[in-house]
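What follows is a short report on a single structure.
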Amino acid sequence: SDAKMREDDLKYKDCVNSIATNYADLQGLQDKQISGWGGVLEKLIECKKKECGVSADILPSTIRGRLRNRRSLTPESRGVKSHVEAAEEAFFQICIQMGKIYQPLNVTEAITLMNDMIRDTPCKDTLMDFQESRKLGSASFEYGSVTTVWWYGFKQRNCHRLVRKRGEKFSSNRADWTKMKNVR
């Protein structure tokens with residue numbers, strides 16, 4: 001199930017983070033005291049996998065990659081964080097409320113709503129700086145606005161919190177939606 005997969009993924013991330021921090025500490029000791037600690041990383045990986053209850057493979061190159069170029073030993077995500085993350089929680093709450101009143105957002109409405117929410121905020125400025133630095137968009141592209149790519153990424157980042165109901169039947173007559181018995 002999705003919950004089990006999410007739990008296993010969190011276990012895996014915690015295990016890799018633990019291995020990376022422990023190996024970094026051992027690396028510091030190795031540089032100061034003894035040379036030639038062959039196979040230490042592989043033994044540490046096996047030990048931590050048993051301790052954390054992880055069955056997936058953890059490659060030594062994954063751990064060594066985190067030690068290279070002074071990268072973060074425990075990164076929060078693989079890619080760049082959303083530049084409108086501060087506004088996304090409020091947007092998520094709006095999505096939930098719209099779903100409760102049987103008016104779910106479509107792609108165009110979601111993008112328009114989010115662009116209105118971030119207008120004249122620091123989120124828009126950081127998004128604009130990011131888009132300009134990456135040279136995103138074409139000549140007619142409006143910097144500082146979210147696109148359909150953001151919408152699909154938002155749905156993917158929040159798939160465990162958003163619920164879709166396909167095939168749910170709605171009344172075709174709007175007058176039936178607002179009867180007094182439905183309000184009470």
Side-chain angles (χ1 to χ4, degrees), residues 2-3 5-25 27-28 31 41 45 54 56-166:
D2 288 340
M5 287 174 54
R6 210 171 306 113
E7 183 182 322
D8 290 346
D9 190 41
L10 287 174
K11 276 186 192 177
Y12 178 83
K13 286 179 184 177
D14 289 342
C15 186
V16 170
N17 290 342
S18 175
I19 293 168
T21 52
N22 288 351
Y23 187 65
D25 294 341
Q27 193 88 20
D31 291 344
L41 179 57
I45 289 172
V54 174
D57 290 335
I58 300 174
L59 299 175
S61 59
T62 304
I63 308 303
R64 288 188 187 107
R66 290 190 181 188
L67 296 174
R68 250 182 272 128
N69 301 330
R70 300 179 191 253
R71 294 181 184 168
S72 174
L73 294 177
T74 57
E76 292 180 25
S77 66
R78 283 182 262 175
V80 178
K81 280 184 150 185
S82 173
H83 294 282
V84 291
E85 188 176 25
E88 280 188 0
E89 185 59 34
F91 180 79
F92 172 75
Q93 295 300 326
I94 291 171
C95 287
I96 296 298
Q97 291 302 320
M98 293 295 286
K100 285 181 180 178
I101 61 170
Y102 301 109
Q103 292 292 316
L105 294 172
N106 63 29
V107 178
T108 309
E109 291 170 344
I111 292 170
T112 304
L113 177 60
M114 189 58 164
N115 283 329
D116 288 342
M117 287 176 66
I118 65 171
R119 183 180 298 131
D120 301 327
T121 64
C123 288
K124 181 172 182 165
D125 297 335
T126 58
L127 180 62
M128 189 180 303
D129 292 341
F130 174 76
Q131 290 170 337
E132 288 173 350
S133 68
R134 301 294 196 285
K135 297 178 177 50
L136 300 177
S138 60
S140 63
F141 182 73
E142 180 185 342
Y143 288 107
S145 62
V146 297
T147 61
T148 55
V149 175
W150 167 82
W151 172 243
Y152 292 117
F154 173 80
K155 290 194 312 184
Q156 186 176 13
R157 285 188 298 276
N158 294 288
C159 66
H160 60 286
R161 299 177 359 166
L162 293 172
V163 177
R164 289 182 280 172
K165 294 182 182 178
R166 289 191 174 171

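In what follows, residues are counted from 1 in the order of the sequence shown.
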Yes or no on side-chain contact (heavy atoms from CB on, under 4.5 Å) for I19 and L41, after CA distance, side-chain angles and deciding distance? CA-CA 8 Å; I19 293 168; L41 179 57; 4.2 Å; yes

List the steps, then state whether side-chain contact (heavy atoms from CB on, under 4.5 Å) holds for R157 with E88. CA-CA 10 Å; R157 285 188 298 276; E88 280 188 0; 2.6 Å; yes

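The structure places CG of L127 at 9.5 Å from CG of D125, a figure rounded to the nearest 0.5 Å. Taking CD of E132 as the reference point, atom CG of D129 lies at 6.5 Å (rounded to 0.5 Å). Between I45 atom CD1 and Y23 atom OH the span is 9.0 Å, to the nearest 0.5 Å. Here CG of N22 is found 11.0 Å from CG of N17. Values are rounded to the nearest 0.5 Å. Remark: L10 CG to M5 CE distance equals 12.0 Å, nearest 0.5 Å.
In this structure, the side chains of V16 and I63 come closer than 4.5 Å at one or more pairs of heavy atoms.
Contact detail for R161 and F92: the closest heavy-atom pair is NH2-CD2, 2.9 Å. Residues A24 and L67 come closest through the heavy atom pair CB-CD2, 3.7 Å. When all heavy atoms of A87 and M117 are compared, the closest pair comes out as O-CE, 3.7 Å. The two residues R119 and K124 come nearest to each other via the heavy atoms CA-CD, 4.2 Å. Residue R66 comes nearest to A20 through the heavy atom pair CD-CB, 4.1 Å, listed as atom of the first residue, atom of the second, then distance. Between C15 and V54, the closest heavy-atom pair is CB-CG2, 3.9 Å.
A distance-only check finds no donor-acceptor pair linking the side chain of S18 to the backbone of D14 [under 3.5 Å]. Side chain of Q131 to main chain of S145: a donor-acceptor pair is present (N/O by atom type, distance under 3.5 Å, no hydrogens or angles).
Within a 6.0 Å sphere centred on CG of N106, other residues, nucleotides and ligands contribute more than 12 heavy atoms. Counting heavy-atom neighbours within 6.0 Å of E142 CD, excluding the residue itself, gives a total of 12 or less. Atom CD of Q156 sits in a sparse spot, with 12 or fewer heavy atoms from other residues, nucleotides or ligands closer than 6.0 Å.
Screening I118, V146, L105 for a side-chain contact (heavy atoms from CB on, under 4.5 Å) with F91, the sole residue that qualifies is L105.
A parallel orientation is assigned to the rings of W151 and F154, their planes being inclined by less than 30° (bins at 30° and 60°).
No side-chain donor-acceptor contact under 3.5 Å links Q93 and Q97.
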